[in-house]
Amino acid sequence: MGNRIYNILFHTHTVSGIVISVALYVIFFTGSFSFFRDEIANWQHGHAVSQEDALPGSVDEHLTNLSKDYNLYGRDVELRHYYNERNISVNLGASKYALASEADKAPVFFYLDPETKTKTKDYASHYHLGEFLYRLHFLDQIPYPYGRTLAGLVAFFFLFAILTGILVHWNKIISNFYTFRPWAKIKTLWTDAHTALGVIGFPFQFVYAVTGAFFLLKGILVFPMVMGLYEGDQNQLFEDLEYNHPDYEFQNQKLDKAIHLDAFVQQMKADWGDFRVTETHIFNYGDQNMHAAISGYLGYNTKLNGLGYRVYKVADGSIAQEKIPIGPTSYLDGVKNMMFRLHFGDYAGYGLKVISFILGLISCFVILSGIMIWLVARDKKNIPEKQRRFNQQVANWYMAICLTLLPVTALEFILVQFAPEVNRGFLYQTYFPIWLLAAAFFIWKKDIAFTNKWTLISGGILGLLVPIANGMASGNWMWVAFQKGYQHILLVDLLWLLLGSVSLWIACYKLRIKRSELAPTKG
């Protein structure tokens with residue numbers, strides 16, 4: 001590789017990396033916890049759920065209970081269980097019956113706890129810490145669509161950063177992979193860690209850069225296709241992508257037989273083996289033209305891309321439409337599902353999730369080491385003092401914003417256990433102000449070494465307090481959760497126990513370095 005090409009790649013890597021570093025750190029840090037979104041939700045609520053991510057309970061029982069509070073005749077009824085939580089979402093469409101009351105003509109949406117029969121009427125009230133961290137990892141708290149577009153652009157430029165980084169180190173990629181000198185001075189440590197961990201995490205980071213950019217920028221990518229190939233007809237595109245439900249006309253003739261959908265579910269499970277129902281969509285409830293679309297997937301141990309559904313005509317039990325999951329997978333299903341599975345890392349059990357969690361935190365360290373390398377490279381005598389001070393201030397701001405995420409997140413896990421009510425407003429009003437105050441304090445200190453040490457110590461102590469807070473608030477101590485088989489609750493406690501211990505170990509035993517070895521940070 002010639003010097004000119006090398007310099008172009010090196011500067012592209014440096015500039016793209018430093019510009020997106022803070023947003024990228026937030027995405028990877030909160031994204032690491034997002035692998036356990038459902039586990040965090042169940043940990044917060046003290047719920048024990050089945051490891052089978054499927055619609056809980058009996059469909060017929062759900063419909064019977066709903067009919068006690070709502071007139072379902074003529075409505076489209078949707079029961080959905082997308083995440084592995086205890087709650088399911090219930091969506092009742094407006095009644096199509098001409099003589100229906102005004103109340104029946106109003107659509108209804110709520111979340112239902114099948115065990116307690118309690119309802120949560122809106123998304124904001126149903127919001128929990130797992131959902132908050134999951135949304136934060138693609139900056140969804142910024143008004144739509146700006147946050148998601150920003151996160152997509154960060155993922156896109158991150159792809160540039162990792163590819164140029166690999167090309168810059170290509171000639172020495174083997175030797176750099178094995179080069180790590182933790183006993184050397186801190187400047188060498190930052191460089192070795194950035195290179196070695198960056199190479200190790202490259203496949204993981206590449207997958208998440210590609211899939212993240214795909215999910216968050218697909219609106220921009222799809223728009224030319226809609227305008228060019230579909231002449232502006234977005235609904236036709238959604239139909240081709242199999243996102244839209246079919247349409248069945250309401251005949252205004254009442255069905256003269258009892259409605260039993262559980263028999264259809266059992267028939268599908270008998271025909272398709274390890275089939276897990278996640279959604280039941282009923283068209284024209286109680287009408288002669290009533291149809292039930294039952295969809296789900298095969299367990300990942302059976303088939304990775306096993307999406308399937310059946311649409312039954314309830315009047316005679318015939319199958320109107322179906323997609324057989326045990327058959328060959330279409331190209332469309334393969335692409336759609338694999339992008340999700342690769343990004344969520346949920347197809348190989350807890351082992352893959354834990355590995356992804358660790359690789360996500362390693363990626364955070366790669367980002368921090370990149371900031372420090374950028375600072376050290378510009379802390380030279382030939383650079384004007386004013387420019388050096390500016391670089392030091394930028395690095396100080398970056399490190400303070402990034403590193404305070406650990407103690408703030410640990411503290412939020414403690415707060416949700418003792419708060420009388422946790423919803424979106426509570427999480428916004430606690431997490432962001434605490435993060436702002438913590439970051440402002442360390443920015444004011446103007447000492448990166450101090451920031452590094454005390455964010456690790458405070459984060460480590462608070463992390464160790466998370467299982468204690470859970471035990472005190474809910475009684476689900478780790479040994480109790482283990483005995484009762486509450487795997488989700490136990491897993492979250494163990495993650496914080498491990499993360500807190502590692503943070504304190506690093507702060508107390510691995511940061512004993514001379515302050516003169518650090519790049520000066522006083523402004």
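For F33 and Y134, the distance between ring centers is not under 6.0 angstrom. When ring centroids are compared, F109 and Y111 come within the 6.0 Å threshold. Aromatic pair Y347/F344: centroids not less than 6.0 angstrom apart. If you look at F426 and Y127, their ring centroids are not closer than 6.0 Å.
One distance of note links CD of Q429 with CG of N423; it measures 8.0 Å at 0.5 Å rounding. The CD1 atom of I443 sits 8.0 Å away from the OG1 atom of T404 when rounded to the nearest 0.5 Å. Within the model, atoms CG of L136 and CH2 of W435 stand 6.0 Å from one another, a figure rounded to the nearest 0.5 Å. Of the inter-residue distances, the one linking Q141 atom CD with L427 atom CG reads 9.5 Å to the nearest 0.5 angstrom. Between the NE2 atom in H260 and the CG atom in D60 there is a gap of 6.5 Å [rounded to 0.5 Å]. How far CZ of R276 is from OG of S295: 15.0 Å, rounded to the nearest 0.5 Å.
Among residue pairs with one or both ends in residues 356-367, those qualifying as side-chain hydrogen bond (donor to acceptor under 3.5 Å, both in side chains) are Q205-S363; sequence neighbours excluded.
Salt-bridge annotation for D140 and R148: present, with a side-chain N of the basic residue lying under 4.0 Å from a carboxylate O of the acidic one.
For K68, there are no salt bridge (charged side-chain N to carboxylate O under 4.0 Å, His left out) partners two or more places apart in sequence or in a different chain.
D274 and N301 are not linked by any side-chain donor-acceptor pair at a separation below 3.5 angstrom, with hydrogens and angles left out of the test. Remark: the R75 side chain and the Y70 side chain contain no N/O donor-acceptor pair separated by less than 3.5 Å. A donor-acceptor pair shorter than 3.5 Å cannot be found between the side chains of Y309 and E279. Inspection of the K323 and S330 side chains reveals no N or O donor paired with an N or O acceptor under 3.5 Å.
The number of heavy-atom neighbours closer than 6.0 Å to CZ of F156, taken from other residues, nucleotides and ligands shown, is 12 or below. By the 6.0 Å contact criterion, CZ on F418 is enclosed, its count of non-hydrogen atoms from other residues, nucleotides or ligands being greater than 12. Heavy atoms of other residues, nucleotides or ligands lying less than 6.0 angstrom from CG of D69 number more than 12.
Checking side-chain atoms of D76 against main-chain N and O of A94 turns up no donor-acceptor pair under 3.5 Å. In this structure, the side chain of T329 engages the main chain of N305 through a donor-acceptor pair within 3.5 Å.
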Let's go through H128 and E85 carefully: what are the C-alpha distance in whole Å and the side-chain angles of both, what is the deciding distance for side-chain hydrogen bond (donor to acceptor under 3.5 Å, both in side chains) to 0.1 Å, and is it a yes or a no? CA-CA 11 Å; H128 49 72; E85 304 174 33; 3.2 Å; yes

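Among F36, F413, W496, the one residue that satisfies the ring pair (Phe, Tyr, Trp, His ring centres under 6.0 Å) test with W43 is F413. The only option from F204, F215, F35, F214 that meets the ring pair (Phe, Tyr, Trp, His ring centres under 6.0 Å) definition with H343 turns out to be F215.
Classified by interplanar angle (parallel below 30°, tilted 30° to 60°, perpendicular above 60°), the ring pair W479/W477 is parallel. Note on ring orientation: taking the six-membered ring where Trp is involved, the planes of Y428 and F432 are perpendicular (angle over 60°, cut-offs 30° and 60°). Taking the six-membered ring for Trp and thresholds of 30 and 60 degrees, F160 and F157 have ring planes inclined between 30 and 60 degrees apart.
With contacts defined as side-chain heavy-atom distances shorter than 4.5 Å, the pair K484/I489 does not qualify.
Here the closest non-hydrogen pair linking N476 and G46 is ND2-CA, 3.9 Å.
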